[in-house]
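Scroll down for the structure; my scribbles are underneath it.
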Protein chains: 2
Amino acid sequence: MSTKTPVTLKFLAQKLNISISTVSKALNDYPTINDDTRKRVKQLAAELHFTPNKSALNLQVQKSYTIGVILPDLMDHYFTRSIFGIEQFAGKHGYNVIIGQSYDELQKEIDLTNMFLKNRVDGLIIAISKNTQNFDHLDKFKNLGLPVIYYGRNPSFNLSCHKVLSNTYQGCYQATELLIKKGHQRIAYLGGPKMISFTHDRFKGYINALNDNQVPFDASLVAYTNFDQQNTHQAIQTLFYDVTHPPTALIAFKEQILFDAIKYLRSNNYPGLDHTDYIGFGNMPFISYLDKPPFASIEENPESIGDQAIKLLLQLIDQKETVFPYQKIMIDCELVIH
Amino acid sequence: MSTKTPVTLKFLAQKLNISISTVSKALNDYPTINDDTRKRVKQLAAELHFTPNKSALNLQVQKSYTIGVILPDLMDHYFTRSIFGIEQFAGKHGYNVIIGQSYDELQKEIDLTNMFLKNRVDGLIIAISKNTQNFDHLDKFKNLGLPVIYYGRNPSFNLSCHKVLSNTYQGCYQATELLIKKGHQRIAYLGGPKMISFTHDRFKGYINALNDNQVPFDASLVAYTNFDQQNTHQAIQTLFYDVTHPPTALIAFKEQILFDAIKYLRSNNYPGLDHTDYIGFGNMPFISYLDKPPFASIEENPESIGDQAIKLLLQLIDQKETVFPYQKIMIDCELVIH
DNA sequence: TGATTGATTTCAAACGTTTGAAATGATGTA
DNA sequence: TACATCATTTCAAACGTTTGAAATCAATCA
C-alpha cells in the first residue's frame, strides 16, 4: 500500500520463479517458449496490469516513438483539422505526437526544432512559418537521418524534401471557372503573404482559368495581404475603390481574410456589397452563421493532408536505410456551394 | 558520414580519454570535478552538439517528463486557448505535452487514459467529457500516485480532487445583472447539457442575480440543449414561441449555441430578432464578423485556466511525497461589450 | 552406454545515464 | 619515512527492456 513495487519484468519473474528473459520472451510470443509458461506469464501480467516501461524500451530500440509536429497556429482551423488526421494514425501505430505552435515566427520555429531534437523525436511534420526561407534548422534533421515531411505550406525554396500539400492550383482554377460560368468577367484575386508559395500557385490557377475561358486579365484586380487586418483593408480599398470598374466577384486566399474584407466593405457601405460573389479557401464551420455566407468555399481537406503526411513519415521511419525518392503528394480541393 | 556514431557520454569520454562518470559529473557541475576538466568536457560537448538521451535519463530518474492533456475537442476555442497556457509553462520546465481529444465521448476518454498510463505520463490535466460520471479510469492515476488536475469542466461527482475552473457562477451573475441594468425584465437562460455542472452553476448565477435585483423568475424562460443543433432549435422554439411573453434577452451557455439560436430565429423571421439582446460564454474572435454581434460576451480566460492547471500539476509532481490539500482554483470571468 | 537431438530456459551484454563508494595520487605532516 | 589529508577520478550498480549465445535436461538413437 505505502510504496508499491512497480510491476516490471523482474517482478513478474520473481513471482513465477523464472528468469527475466523467459518472461520477456513469453510476452513477446517467442516460439521457443513453452505454451504452458507463456500462458502463466501472460495471465499474471494481465492480473498485475503489467505495462512495459516505455523509457527502457525506447532506450533499447533507440527510438522515442514520438513524432514532432510544428504548425503556425492551432486557432487556425486548417491546422487543427490536420492534426486530427495525424493523431488518428500515429496513435494507432504506437506513436506519440507532440505539437508545437510557431505563431508564424521563424525564431519560435527554430526553438521548437531544437526542442524536438533534444527530445529525440523519430521524425518531424512541419507547416513552415511564412518567414521560413532558410532551412538550416530543418536540415539538422536530415543530417541526423531523421525524416521530415513538409505539409500544408509549400517550402518552395527547398527542393529536396517530402511534401504533402493541397492542390491549391486546382482549387483556385475551379473556383475561378465557377465564377466565370456564373457570368462574372471581373473577378478579383486577393492573395496571402507573398512569402507563402500558395499565394502564387493559386494565382496561377486563377489566371489560367481566366485564359482558358477567354476572360481578359486585369492587373488592377489583384492584391495581396499579409493576413494583418489593417493590411487586408488596404488591399480591399485598392481593389474596390481605387479602380474605375470594381470587381463583381472576389476570391480570397483564406476565409479569415474574406471575412475581414466583407466587414470592411460593409462598414464602408460599399454599394455593390450584396451583388458581389465571394469565395475563400477554408470552408469553416462558422460560415453557416453568417447572414450572407460567401457564395462558395474551397475545401482543402486538411484531415487528408495530415493523414497522408503521417503515413509517409511512418513509412520513412520504418525503412530508414533504403533509398526513398522524394515524394510530393497533392490533395485535391473541392468546391462547396453555400 | 555513412553510419555516424551517436554522441553519447561514452563517446565524449573516449575522445577525452577520461571516464564516463567524469564526463557526466562535469556536465552536471559536480563540485568534485576539476575546473580544467569541466571546461574541456563542456567545450567538446558543445562542439559535438551533445544532448543527453532522454530515454536513458527518464529510465534512470523514473520519470517521463511528459504530461497528458485530455480535452473534448480542439475545434472548441476554449480548449485550444487553454492549451496555450499549458504548453507555455510546461515547455519552460522541460516537460512535453501530449494532447488527446475525447470528442466528449466517455469511451474515447477511457482509451486515452489507458494510453497515457502506458506512456507513463507524470501527471494528467483533464477536461472531462460531458458523459463522465464514473471516475474509475481516472482513479487509476490517483492509485499510482500520479497527480490529476480537473480543469475547464467541473467533475461535481468527484469531490476529492484538484480543480481549476472558470468562475462561471460569477460570470453568469454579472451578465444577468448587466442585462437587468439595461432594462430587461424577461431574460431567458439557455443552459448546456444537464450533465455538465457548469450548466447549473450558471443557472445559480442567473437566478441569484434576478433575485438580488427584484426581477421575478419565470421557469418558462429556462431551457437546455445538449449542444446538438436540432436540440438547440427545439429549446429556442420553447423559449421564444411556446410562450405568451417571449424574452427580451438571452444568455446562452456557449456562443456556439447562441449562433445556432440566432440563426434559427432569423430563419423563422422572428419579429423581435433585432430588439433582443444576446450574451454568450466564449468571446470568440469570430464574433466581430457577424452583422449583428451579440450585445456582450463572457470571457472565461481559458489561457489562465490552462496556466494555473499546469502550475499546480508541476507543483504536485515535484512534491509527490508531502501531503497536499485538494485545491480549487477559480478564475473570474469578464464581460466584454461589443 | 554414450552421443545426438530437441525443447526449453537462462546468461549476459547492451542501450545511455546517474551517483555513492572506492581508488588514485599528490601534498603536507609528524 | 610513514601516514593522514585532500582533490580528483574511476568503479560499479542501477533503471527495465531485448536478444543472440550458451546451458540444461530429458528423450531418442545407434
Side-chain angles (χ1 to χ4, degrees), chain A residues 3-42 44-45 48-66 94 117-122 144-145, chain B residues 3-42 44-45 48-66 94 117-122 144-145:
Chain A
T3 34
K4 40 176 64 188
T5 357
V7 181
T8 65
L9 288 186
K10 194 203 243 178
F11 186 75
L12 295 180
Q14 283 169 346
K15 284 268 175 208
L16 292 167
N17 240 317
I18 55 178
S19 78
I20 296 177
S21 35
T22 306
V23 177
S24 167
K25 288 176 177 172
L27 291 174
N28 290 308
D29 286 322
Y30 270 54
T32 69
I33 298 297
N34 184 294
D35 270 353
D36 182 55
T37 0
R38 187 199 330 285
K39 260 178 223 145
R40 278 169 47 232
V41 170
K42 286 198 173 179
L44 186 67
L48 268 43
H49 301 110
F50 167 78
T51 12
N53 183 305
K54 259 227 161 194
S55 297
L57 218 80
N58 294 348
L59 176 60
Q60 169 72 22
V61 300
Q62 295 284 79
K63 278 181 67 171
S64 66
Y65 281 98
T66 299
L117 243 23
K118 274 217 178 74
N119 275 289
R120 285 193 159 59
V121 294
D122 295 331
L144 288 167
Chain B
T3 33
K4 41 177 63 187
T5 358
V7 182
T8 65
L9 289 187
K10 194 204 244 180
F11 186 75
L12 294 179
Q14 283 168 345
K15 283 269 176 207
L16 292 167
N17 239 318
I18 54 178
S19 78
I20 295 178
S21 34
T22 306
V23 177
S24 167
K25 288 176 177 172
L27 290 173
N28 289 309
D29 286 322
Y30 270 55
T32 69
I33 297 297
N34 185 292
D35 269 354
D36 182 54
T37 358
R38 186 200 328 286
K39 260 178 221 147
R40 278 169 47 233
V41 170
K42 286 199 172 178
L44 186 68
L48 268 42
H49 302 109
F50 168 78
T51 12
N53 183 306
K54 259 223 160 194
S55 298
L57 218 81
N58 294 349
L59 175 59
Q60 168 72 21
V61 301
Q62 295 284 77
K63 278 181 68 173
S64 67
Y65 280 99
T66 300
L117 243 23
K118 274 216 177 76
N119 274 290
R120 286 190 156 62
V121 294
D122 296 330
L144 288 167

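Naming convention: chains lettered A, B, ... in sequence-line order (proteins, then strands); numbering from 1 in each chain. This one's a predicted model, so the numbers in the text were calculated from it and none came from an experiment.
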Expected list for residues 31-41 of chain B near DNA chain D, using heavy atoms below 4.0 Å, is Thr32(B), Ile33(B), Asn34(B), Thr37(B)

Flag side-chain contact, heavy atom, 4.5 Å: Phe50(B) against Leu44(B):
no

I'd like to check Thr66(B) versus Asn119(B) (side-chain heavy atoms, cut-off strictly below 4.5 Å). Are they in contact?
no

Side chain proximity check, Val41(A) to Arg38(A), heavy atoms < 4.5 angstrom:
no

For residues Val23(B) and Gln14(B), determine if any side-chain heavy atom of one lies less than 4.5 Å from a side-chain heavy atom of the other.
no

Once each nucleotide of nucleotides 13-21 of chain C is scored for protein heavy atoms under 4.0 Å, what B/S/- sequence comes out, 5' to 3'?
-BBBBBBBB

Rounded to the nearest 0.5 Å, how far does CD of Gln60(A) lie from CG of Leu59(B)?
11.0 Å

To the nearest 0.5 Å, how far apart are OG in Ser21(A) and CG in Asn28(A)?
11.5 Å

Rounded to the nearest 0.5 Å, what separates atom OG1 in Thr51(B) from atom CZ in Arg120(A)?
4.5 Å

Do the side chains of Asn53(A) and Gln62(B) get nearer than 4.5 Å, heavy atoms only?
yes

Please give the angle, rounded to 10 degrees, between the axes at the start and the end of the helix from dT1(C)-dA30(D) to dA30(C)-dT1(D), where five pairs define each axis.
90°

What distance separates Leu27(A) CG from Leu12(A) CG, expressed to the nearest 0.5 Å?
7.0 Å

Can you find a heavy atom in the side chain of Arg40(B) that is under 4.5 Å from one in the side chain of Asp36(B)?
yes

